[in-house]
Number of protein chains: 2
Amino acid sequence: MDWALNLERIVLSLLRPMEDVLPLSVAPTMPFVAHDFGQTFSKSSDALRRIRADIVAGKLQPGQKLSFKFLVTCYDMGTSPLREALCQLAGQGMVELESQRGFRVAPVSRADLEDVIAMRAHAEIYAAGLSITRGNDAWRRNLGDASLAFTLVAAKAGDQRPIDERWEEIHRRFHFALIGACGSPTLLQFCKQISHRYDRYRRIAIPVQAVMAGPAQDHREITQAALSGNSKQAQSLLRRHIDDMAGVVLERYHRGAWMPKD
Amino acid sequence: MDWALNLERIVLSLLRPMEDVLPLSVAPTMPFVAHDFGQTFSKSSDALRRIRADIVAGKLQPGQKLSFKFLVTCYDMGTSPLREALCQLAGQGMVELESQRGFRVAPVSRADLEDVIAMRAHAEIYAAGLSITRGNDAWRRNLGDASLAFTLVAAKAGDQRPIDERWEEIHRRFHFALIGACGSPTLLQFCKQISHRYDRYRRIAIPVQAVMAGPAQDHREITQAALSGNSKQAQSLLRRHIDDMAGVVLERYHRGAWMPKD
DNA sequence: TGGCAGCGCAATTTCGAAAATCCATCGCTG
DNA sequence: CAGCGATGGATTTTCGAAATTGCGCTGCCA
């Protein structure tokens with residue numbers, strides 16, 4: 001295996017944003033970046049990405065009122081693109097819309113967390129099964145790269161660095177590389193949306209990288225099973241991986257339940 | 001069983017719109033209706049409902065360009081609420097948004113149809129299983145009512161009346177009564193969205209009620225299995241029901257594939 | 001003192017116009 | 001004559017202000 005070439009491909013793939021899912025950044029997307037990758041960005045889509053990222057990162061807290069006065073000064077744009085973004089986020093369950101009374105960040109609750117965990121597990125495991133059955137060589141290569149990339153950034157035990165956007169992106173890339181060949185755009189979109197909701201819980205419950213050291217090993221095992229076409233084993237490993245993480249998140253949620261903020 | 005009281009309850013339940021899913025009407029929702037049922041409506045939500053209904057009914061054809069000039073005159077409102085509605089519909093896969101190039105009705109294709117069918121079947125059957133396990137008496141009563149209501153409006157064989165909004169609403173009400181106790185808001189919302197997409201295909205493929213006479217019997221059998229708590233049997237009946245219908249839709253689609261319109 | 005109607009402020013929602021972008025056409029150049 | 005860049009019109013996108021709605025306060029009345 002040509003190590004240098006391999007690394008280069010991985011690095012390049014990390015630089016390229018994963019269409020509309022990954023760019024989690026608070027800074028506005030640069031126009032030239034958008035154009036370079038064949039996708040035009042508007043203020044609306046920027047608003048969508050930035051607000052979602054800030055919700056997932058916990059900068060906008062669960063239950064927080066999102067007044068337009070506040071948003072206009074925060075994100076430096078008119079109400080129209082903001083409203084558009086909030087509407088889409090409402091459809092994804094990231095914000096709540098009460099007619100004539102504005103928007104607020106979707107509150108957190110044990111019931112919602114359990115719902116999110118159950119749906120994410122079911123959808124992602126199902127998609128993984130399809131993907132492993134249907135995946136071709138390009139998919140296998142991409143999965144290998146994503147897994148390796150995650151290994152490279154994975155924390156050592158005891159690492160107290162906070163989880164940041166880069167870590168999130170690489171982590172997310174692995175999970176979507178795994179299910180990317182499932183063949184169903186609808187299922188993929190559902191997985192994207194539910195994972196954003198899940199990530200918010202995980203991100204608030206597990207702010208530092210230390211706890212996420214174990215998953216690197218999980219990812220490698222899942223990758224191995226997936227690449228060898230053993231979909232049953234990959235699915236059960238994935239289920240264990242998701243359950244383990246969900247257990248930690250649930251337990252932490254139960255202890256220090258986050259309060260809505262007004 | 002008190003027949004008159006039963007009928008009255010069913011009729012009443014039919015008059016009440018099923019929150020945001022059912023009101024499929026081209027006329028704007030009356031304000032007093034909105035207030036009466038504890039939900040305020042805005043022009044945006046009206047636009048959402050009306051446009052979605054028109055897409056499902058085929059009045060807005062697959063692939064059709066949705067220019068604001070056209071929409072503003074059609075729906076008699078400004079661009080803001082229309083834009084908001086279109087954004088949400090884009091998130092639900094009913095319209096496509098190409099940045100800076102406007103909106104168009106989501107095109108139809110065999111691949112999309114197969115995706116929609118597969119996802120609808122998987123999600124709805126899964127939800128039905130959960131619902132039957134978790135449902136309480138209120139759920140059973142509601143399911144019985146919905147099934148009976150559908151029986152009452154179901155067509156006799158050879159009925160050439162076109163499928164209208166009322167038929168759609170009662171049909172939809174049955175399917176959601178079945179899965180209503182699944183316990184997962186997220187899963188329910190997914191089922192709602194995917195069913196709208198599926199309904200569009202079915203509605204264009206099967207414009208008259210005649211073909212939909214068989215399903216009434218299916219519904220009764222499914223209800224019976226569900227009410228007796230036999231989730232496995234209900235699921236397999238539901239699967240057969242969905243597969244049968246999907247087969248007809250697919251076959252008709254294949255014969256007379258609808259062309260995009262500009 | 002408790003309750004309710006009316007009033008005024010603040011916030012959302014909607015509109016109409018300005019700005020930015022795209023597309024087709026035309027003219028120029030090699 | 002083909003290819004490329006500029007120009008004009010049409011459309012989308014965004015903004016700022018008007019209109020509408022909700023909410024809290026005050027004052028009146030029982």
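Throughout, a chain's letter reflects where its sequence line sits, starting with A, and its residues are numbered from 1.
Separating the CD atom of A:Q100 from the C1' atom of D:dT21 is a distance of 6 Å, rounded to the nearest angstrom. A:L82 places its CG atom 13 Å from the C1' atom of C:dT12, with the value rounded to the nearest Å. Atom CE of B:M77 is separated from atom C1' of C:dC15 by 12 Å (rounded to the nearest Å). Separating the CD atom of A:E98 from the C1' atom of D:dG22 is a distance of 11 Å, rounded to the nearest angstrom. Remark: P of C:dG16 and CG of B:D76 are 10 Å apart, rounded to the nearest angstrom. The nearest whole Å value for the distance from the OH atom in B:Y75 to the P atom in C:dT14 is 16 Å. Rounded to whole angstrom, the span from the CG atom of B:L71 across to the P atom of D:dT13 amounts to 12 Å. When the C1' atom of D:dG16 is taken as reference, atom CZ of A:F68 falls 14 Å away, rounded to whole Å.
A donor-acceptor pair under 3.5 Å is absent between the side-chain atoms of B:R104 and the main chain of B:E96, judged by distance alone. Between the side chain of B:D115 and the backbone N or O of A:T186, at least one donor-acceptor pair lies under 3.5 Å.
In this view, B:Y198 satisfies the ring-ring contact (aromatic ring centres under 6.0 Å, His included) rule with no residue, not counting sequence neighbours.
Helix-axis bend for the helix from C:dT1-D:dA30 to C:dG30-D:dC1: the local axis fitted to the five terminal pairs at one end deviates from that at the other end by 10°, rounded to 10°.
Atom CZ in A:R203 sits 12.5 Å away from atom CD1 in A:I55 (nearest 0.5 Å).
Residue A:R83 places none of its side-chain N or O atoms closer than 4.0 Å to OP1 or OP2 of C:dT12. The phosphate of C:dA20 has neither OP1 nor OP2 within less than 4.0 Å of any side-chain N or O from A:K43. Neither OP1 nor OP2 of D:dT14 sits under 4.0 Å from any side-chain N or O of A:T79.
Across all strands, A:S67 comes closer than 4.0 Å only to sugar-phosphate atoms, never to a base (heavy-atom distances).
Using a 4.5 Å heavy-atom cutoff, the side chains of A:V108 and A:D112 are not in contact.
Set against D:dT13, D:dT14, C:dT13, the side chain of A:S44 has D:dT14 as its closest nucleotide. Side-chain atoms of B:K65 lie closest to D:dT11 of the nucleotides D:dT13, C:dT14, D:dT11. Picking from C:dT14, D:dT21, D:dT12 the nucleotide with the shortest atom distance to the side chain of B:P81 gives C:dT14.
Between B:W167 and B:F150, the ring planes are perpendicular. Angles over 60° get that label, and only those under 30° would be called parallel.
In this structure, a donor-acceptor pair under 3.5 Å is present between the side chains of B:R172 and B:S195.
Annotation: of the two residues near DNA chain D, B:G102 and A:R101, the 5′-most nearest-nucleotide partner is B:G102.
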